[in-house]
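Owing to the predicted nature of the structure, the values given are computational and were not obtained by experimental measurement.
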Amino acid sequence: MSWSSRHLLVPLSAVLLVLSACGGDDDKNPVCGNGIIESGEACDDGNRTEGDRCNNSCQVTTPTTDAGTNTDAGTDAGTETDAGTETDAGTETDAGTETDAGTIDAGTETDAGTTTDAGTETDAGTVDAGTGTDAGTGTDAGTGTDAGTGTDAGTGTDAGTGTDAGTGTDAGTGTDAGTGTDAGTDAGTGTDAGTGTDAGTGTDAGTETDAGTGTDAGTETDGGAIDAGPAPDAGTGTDAGTGTDAGTAVTLSALEPAAVFARSGTTGETIPEPLEVTLSAEATTAVVVQVSSSSPSVVVANGGQVTVPAGSRSAPVVVTADEAAGSAKATLTATLGGDSRTATVRVLGATEAASLAYLSPETVSLSAGQTANVTVTLDIPAAAATTVALSTTGNVGTVPATVTVPANEISAKFTFTAGASGSTGTIVATLNGQSVSAQAQVTAGPTTNHVVISEVAGGGPAGAGDEFVELYNPTNAEVNIGGWKLQYKSATGPSYSGTYTLPSTARIAAHGFYLLTSSGYAGTVTADSSWGTVFAMSATAGHVRIGPAAMGTTPGDTNAVDTLGFGGTANAAEGNSPVSGAPATAGSYERKANAGASAATMEGSGADAAKGNSYDTNVNSADFIIRTTRGPQNKASGTEVP
């Protein structure tokens, strides 16, 4: 028989079979399941199977059995209009490919499987449903209830064995939470809530709303047993890992410099230095810091998002400046989590000119022939390379004729060379008729490069315990004497028996003083530190020395920085020559300011009284004089330049 004849005869025989089974048509007594819609019936699909669109009472229902959605293993596998959606095994013309996917056609136009059904019982069609090409190669076109598509409506185990291939809330009970990327509507029932190693075993796959959006749903092996990732969070609350990570611990530590500039009409980094966001540690993955501006005159690029790349701690803030758009000064606020930092950006006119601000340092003190760097600073970054004229007064020294501040920079350095000893004057910078200056002084070079013992009293008007030791710094820089030792030894003792350690915060300024006293000190100049009763000095013979923490108690210790031996019997004085004689009750031993100094020039209004105590030949008898009236000085006494 030809195919066309079989196409005509089989439906007719099927109708005769149905009529004989149901006993004919009776309007008064409708027979549900005879394929004829009669009085009281809303539908009659020729069967009395529950779960399709026409139930066993011939009323329209929504099917409870589903073979999946979209790519689908068939939305219904054979009701009315469609035998599945989209890719399906039965849209419009056929519920399968060419040869057959159902009884004769099981998928022509309005029906993809009425009559015998394109997907009941074992096969997707009673007569053929899988000959030739087959409507489901492999095991079947869907075992059980399924009607499957393509090779199978569920490769592997099946995307829809039993009753359901993923309806309702589930999409992932049993072995897998679905195919592909999924993560399940329920986000993690059964063994797995998604793909990868794990997107959230245990309690949570990234609590509540999200099972792991963004970069990570947790990290590597586990995306969240209990929490969805390591470190502080890794994905609590709404998200199991949006943004950089599901739990990075980095925070925002700085937005610096605090004040910068941007020239109107430009887009780029700020000047004279780039404004940067800085994190507390290197980012393990890219970290996005949000930066907002208080004025439309400064707009942060990329919608205000500044990305710190993985492996970096900082990133520049790129801005577009427009002086006409709003306030000339904008406050930028960087925010990361609960941390925020601010900085200001001032918008400059396209050709706005700079003026001189100052020279630094404000005072320069050098020995003859010495050099120092001096910096000229403008009020705003230069629009173009700007030349500043330089000069000096009072023959104090020399400077270059000019110094150039580069475009978009705010300062430049030049070298000052000190002139003749004893001269004073100024260093002058001039730009467009405006000048700024710094004071300069040329001193006699110190004879020593270390802190010295400058004055000692082993007794005083208040008695034998009215003692002090004064230190002086003859160098041009502050010296940290924190942790240094002050020691005392008797005139003939074998070692230093008394040791006092200075406070860790002790400092002595360039050309400044530092005063140490005993508990019995009665002077009016306040002590900077007191040794209390650690030792008691003799007023007529003994040794005092200073040195770092490494200094021991042996008289010849090379760690000692300076030593004074006084009295004729002192056996460990510098140069083996102690200062002979003893001061009066109110007097003291004092180091000279220079080689020509004497007791007369060092006291009162003498010529050397205010020139410090820098003379040091390492021979105590040559370096010290005996004062008739002591004159202790402390940190607050000011400085004395040799």
Which value, rounded to the nearest 0.5 Å, describes the distance between [X] atom [atom1] and [Y] atom [atom2]?
{"X": "Tyr496", "Y": "Thr563", "atom1": "OH", "atom2": "OG1", "result": "4.5 Å"}
{"X": "Phe566", "Y": "Met537", "atom1": "CZ", "atom2": "CE", "result": "6.0 Å"}
{"X": "Glu603", "Y": "Glu590", "atom1": "CD", "atom2": "CD", "result": "7.5 Å"}
{"X": "Gln633", "Y": "Asp528", "atom1": "CD", "atom2": "CG", "result": "11.5 Å"}
{"X": "Ser495", "Y": "His543", "atom1": "OG", "atom2": "NE2", "result": "12.0 Å"}
{"X": "Thr617", "Y": "Asp623", "atom1": "OG1", "atom2": "CG", "result": "3.5 Å"}

Donor-acceptor contact below 3.5 Å, side chain [X] vs main chain [Y]:
{"X": "Thr426", "Y": "Val428", "answer": "no"}
{"X": "Thr392", "Y": "Gly397", "answer": "yes"}
{"X": "Thr270", "Y": "Glu273", "answer": "yes"}
{"X": "Asn618", "Y": "Gly575", "answer": "no"}
{"X": "Thr554", "Y": "Gly556", "answer": "no"}
{"X": "Lys485", "Y": "Met551", "answer": "yes"}
{"X": "Tyr472", "Y": "Glu640", "answer": "yes"}
{"X": "Tyr615", "Y": "Gly596", "answer": "no"}
{"X": "Gln487", "Y": "Gly552", "answer": "yes"}
{"X": "Lys592", "Y": "Ala622", "answer": "yes"}

The residue among Thr639, Asn473, Asn476 that forms side chain to side chain donor-acceptor pair (under 3.5 Å) with His511 is Asn476

Nearest heavy-atom neighbours spanning [X] and [Y]:
{"X": "Thr387", "Y": "Leu431", "answer": "O-CD1, 3.5 Å"}
{"X": "Ala283", "Y": "Val308", "answer": "CB-O, 4.3 Å"}
{"X": "Pro503", "Y": "Tyr514", "answer": "CD-OH, 4.1 Å"}
{"X": "Glu276", "Y": "Ser314", "answer": "OE1-OG, 3.9 Å"}
{"X": "Gly638", "Y": "Phe513", "answer": "O-CD1, 3.7 Å"}
{"X": "Glu282", "Y": "Gly311", "answer": "CD-O, 3.4 Å"}

Run through Val436, Thr398, Val364 and flag the one making a side-chain contact (heavy atoms from CB on, under 4.5 Å) with Ile427. Val364

Is there side-chain contact between [X] and [Y], with at least one heavy-atom pair below 4.5 Å?
{"X": "Lys489", "Y": "Asn571", "value": "yes"}
{"X": "Trp531", "Y": "Val469", "value": "yes"}
{"X": "Tyr521", "Y": "Leu515", "value": "yes"}
{"X": "Pro578", "Y": "Asn620", "value": "no"}
{"X": "Val317", "Y": "Val289", "value": "no"}
{"X": "Asp562", "Y": "Arg545", "value": "no"}
{"X": "Leu252", "Y": "Thr335", "value": "no"}
{"X": "Leu378", "Y": "Leu356", "value": "yes"}

Could you walk me through whether Arg263 and Asn408 pass the side chain to side chain contact (heavy atoms under 4.5 Å, CB included) check? CA-CA 9 Å; Arg263 201 167 299 281; Asn408 291 328; 3.6 Å; yes

Could you please spell out the steps behind the side chain to side chain contact (heavy atoms under 4.5 Å, CB included) verdict for Val399 and Val374? CA-CA 10 Å; Val399 291; Val374 180; over 6 Å; no

Verdict with supporting geometry, Ser327 and Ser295, side chain to side chain donor-acceptor pair (under 3.5 Å): CA-CA 6 Å; Ser327 172; Ser295 171; 4.8 Å; no

Please say whether more than 12 non-hydrogen atoms of neighbouring residues, nucleotides or ligands are located less than 6.0 Å from [atom1] in [X].
{"X": "Asn395", "atom1": "CG", "result": "no"}
{"X": "Glu362", "atom1": "CD", "result": "no"}
{"X": "Tyr358", "atom1": "OH", "result": "no"}

Pair Phe261, Ile410 - check side chain to side chain contact (heavy atoms under 4.5 Å, CB included), show working. CA-CA 10 Å; Phe261 301 85; Ile410 202 168; 4.2 Å; yes

Does one side chain, of [X] or [Y], offer a donor that lies under 3.5 Å from an acceptor on the other?
{"X": "Thr333", "Y": "Thr342", "value": "no"}
{"X": "Thr371", "Y": "Thr415", "value": "no"}
{"X": "Ser253", "Y": "Ser280", "value": "no"}
{"X": "Gln441", "Y": "Thr424", "value": "no"}

Kindly indicate whether a cation-pi arrangement holds for Arg630 with Phe468, taking the cut-offs as under 6.0 Å to the six-membered ring centre and within 45° of the axis. no

Before giving the answer on side chain to side chain contact (heavy atoms under 4.5 Å, CB included), spell out for Ser490 and Phe535 the whole-Å C-alpha distance, their side-chain angles and the decisive distance to 0.1 Å. CA-CA 10 Å; Ser490 66; Phe535 58 82; over 6 Å; no

How far apart are the C-alpha atoms of Glu470 and Ser454, what are their side-chain angles, what is the distance that settles it, and do they pass the side chain to side chain donor-acceptor pair (under 3.5 Å) test? CA-CA 6 Å; Glu470 174 193 282; Ser454 54; 2.6 Å; yes

Presence of salt bridge, Arg591 and Asp616, under 4.0 angstrom: yes

